[in-house]
Amino acid sequence: MNNDNNNQGNNELHDQQSQQKLDKPVGLFADKAYEVDAEAAALPVVTPVTTVAKQPLSESEERRSITKKTIASGEALKLAVVGHTNTGKTSILRTLLRDVYFGEVKNEAATTRHVERAQLTDSQTGEVLVSLYDTPGLEDASGLMDWLEDNTASRRDGIERLQQFLAADIATSDTNNSGLNSNYDDYSQEAKVIRQLLASDMAIYVVDAREPVLGKYKDELAILSWAAIPVMPVFNFTDAQDANIDDWQTMLARRNLHISTRFDSVAFEFNDEMRLWQNLATMLTHSEMLEQLMARRTENWAQLYDDANIIIADFLLNVAAFVREIGEDDDPMPVLEQMQEAVRQSERAMQHNLLNLYKFYDNAVAATPLELKAYQQDPFDPELLKSYGIRTTSGAAAGALLGLGIDAAALGTTLGLGAAIGGIAGGLLSNTGSIADKISGIKRLYIDPATLTLLATRALDLLNALRHRGHAATDATQMIYNGESSIDSDENSNAITPWATHKLPSELKKARGKPQWSSLSSGKSEQAQLLRADMAWSMASKLSSYQRQP
């Protein structure tokens with residue numbers, strides 16, 4: 001009879017593994033959450049949707065998965081994410097998955113009510129490397145510990161005691177708690193956690209670093225230890241000033257938990273993620289899958305950075321090559337205003353390309369730096385230039401260099417704009433055209449070096465912010481890296497521009513003489529992008545050297 005049961009369990013495990021091999025999501029990270037049919041025993045194929053429906057593992061799956069064997073070489077790691085309610089388990093998974101839609105994040109207890117699964121895959125082969133399981137919060141570990149002490153024999157091992165609890169009425173689903181069961185305490189949420197824990201190879205125990213060390217957390221760790229799998233504490237919200245990490249580490253050491261790590265789901269650091277995987281790998285006999293995951297995600301992270309710099313470089317070249325011609329006696333202001341609006345729209349498109357690249361698709365789900373004041377200000381506002389420490393020419397057209405044949409003082413007087421012209425004329429540059437232009441009475445209007453420098457600075461700051469923004473960030477006021485708070489201040493004396501205004505990179509200078517490079521000039525987007533592609537690679541390389549590395 002026992003052999004029959006074992007054979008049945010092995011067959012079911014084989015069926016699951018075979019189906020997993022067929023499920024090969026693709027993409028840069030290939031780590032979208034799976035949609036799970038609550039009635040089906042087999043795992044469904046992933047569909048490449050942007051919004052993932054929140055569907056739990058069925059209770060039959062949870063019960064069947066209690067039996068497992070030790071992870072072997074070449075097997076995907078089954079990693080349970082456990083912890084007290086409202087410690088940020090789902091938040092950590094969102095950031096690890098780069099998925100703002102995974103699960104539900106709220107500032108209230110017991111948001112996650114069912115076990116949800118997501119998978120991290122090799123983005124090149126589609127091979128599943130890690131299966132992550134988001135579990136409900138442990139709500140009453142102290143009460144459960146009392147029940148275990150009263151109703152299970154201490155001479156039994158931990159797994160036997162946990163299995164005895166799972167077989168008891170108090171572990172039944174809360175939807176079935178009626179009639180005779182209504183007098184029982186409800187530990188159905190704890191039961192879901194323990195079922196998944198026993199079916200996993202290891203677990204991370206999420207700690208809200210802001211919380212004091214309380215008795216209920218000690219009871220949680222005691223219960224988790226009975227599952228006889230490696231458990232690694234992970235400190236969330238570590239950037240908070242009121243973090244109690246030292247007290248937590250003292251308590252953890254007394255429970256023989258000497259390996260822990262910090263991973264803030266809001267203030268993201270890629271090195272912290274790598275340290276998380278590395279620490280988990282040290283606790284496994286076979287860590288090949290985690291090593292493969294670390295190598296691939298490191299490659300992908302570097303590729304993201306290169307792609308982002310290409311986006312910024314292409315945008316800057318497009319603006320630098322932007323030129324409009326007017327007659328010698330024409331009023332430049334209407335044309336200049338059209339140019340400025342075209343640049344504003346181009347900057348917004350570049351910003352959203354960066355957001356999409358780093359998988360921030362919806363500001364209603366996860367806040368992005370674009371919601372900060374600095375990114376909402378007009379790039380042609382002379383006060384914004386001043387806040388970045390960007391100095392421009394003096395005179396009535398402060399913040400602009402004027403085109404050939406136009407005198408600064410005369411422009412202010414003739415057009416009646418006075419000192420306010422700096423806010424309108426931020427796009428004029430001394431004409432770099434030929435003598436023939438002067439003879440024919442043509443004036444050329446370009447975007448000036450000060451504005452180009454500002455646009456480059458804002459783009460690089462945005463990229464730096466996205467590289468440090470966790471996908472669980474729901475509040476735009478969460479200042480997540482040192483530069484962001486200063487950028488949003490009225491006096492941004494700490495801002496660092498990538499170059500001096502009078503020393504534009506050679507690529508931007510060359511673009512001045514290539515109006516065909518700019519889709520803003522020609523209206524031919526694809527053709528212009530192809531023409532400036534090689535220069536964009538060269539410019540991107542310089543941009544990467546200007547930025548602060550994580």
Is it the case that the side chain of [X] and the backbone of [Y] share a donor-acceptor pair, with hydrogens and angles ignored and the cut-off at 3.5 Å?
| X | Y | value |
| --- | --- | --- |
| Thr238 | Phe235 | no |
| Asn236 | Thr87 | yes |
| Ser287 | Leu284 | no |
| Asn244 | Val213 | no |
| Thr282 | Asn279 | yes |
| Ser200 | Met202 | no |
| Glu190 | Asp140 | yes |
| Asp219 | Ala141 | no |
| Thr121 | Ser123 | no |
| Asn356 | Lys359 | no |

Donor on one side chain, acceptor on other, Tyr187 and Glu139, under 3.5 Å: no

Would you verify whether the NZ or CZ of Arg94 falls within 45 degrees of the ring axis of Phe102 while also being under 6.0 Å from that six-membered ring's centre?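 That pair does not qualify as a cation-pi contact.
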
Are Phe270 and Trp277 close enough that their ring centers fall under 6.0 Å?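 Not close enough - the centres of the two rings lie 6.0 Å or further apart.
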
Taking it one step at a time, do Gln164 and Thr152 satisfy side-chain hydrogen bond (donor to acceptor under 3.5 Å, both in side chains)? CA-CA 7 Å; Gln164 186 175 343; Thr152 63; 5.3 Å; no

Indicate the ring-plane relationship of Trp147 and Phe165, choosing parallel, tilted or perpendicular according to the 30° and 60° boundaries.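 Correct class here is perpendicular.
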
Assign the ring pair Tyr205 / Trp248 to parallel, tilted or perpendicular, where the plane angle (0 to 90°) is split at 30° and 60°. tilted

Criterion salt bridge (Lys or Arg N to Asp or Glu O under 4.0 Å) on Asp272 and Arg262, from CA distance to verdict: CA-CA 6 Å; Asp272 287 347; Arg262 305 183 185 199; over 6 Å; no

Rounding to 0.5 Å, atoms OG1 (Thr95) and CD (Glu269) come to a distance of 12.0 Å

Passing candidate, side-chain contact (heavy atoms from CB on, under 4.5 Å) with Ile194, options Thr135, Val82, Leu166: Leu166

Give the C-alpha distance, both sets of side-chain angles, the deciding distance and a yes or no for salt bridge (Lys or Arg N to Asp or Glu O under 4.0 Å) between Arg296 and Asp122. CA-CA 7 Å; Arg296 188 67 70 222; Asp122 188 311; 2.8 Å; yes

Under the side-chain hydrogen bond (donor to acceptor under 3.5 Å, both in side chains) criterion, do Gln351 and Arg458 qualify, and how do the steps go? CA-CA 10 Å; Gln351 291 170 339; Arg458 292 216 302 186; over 6 Å; no

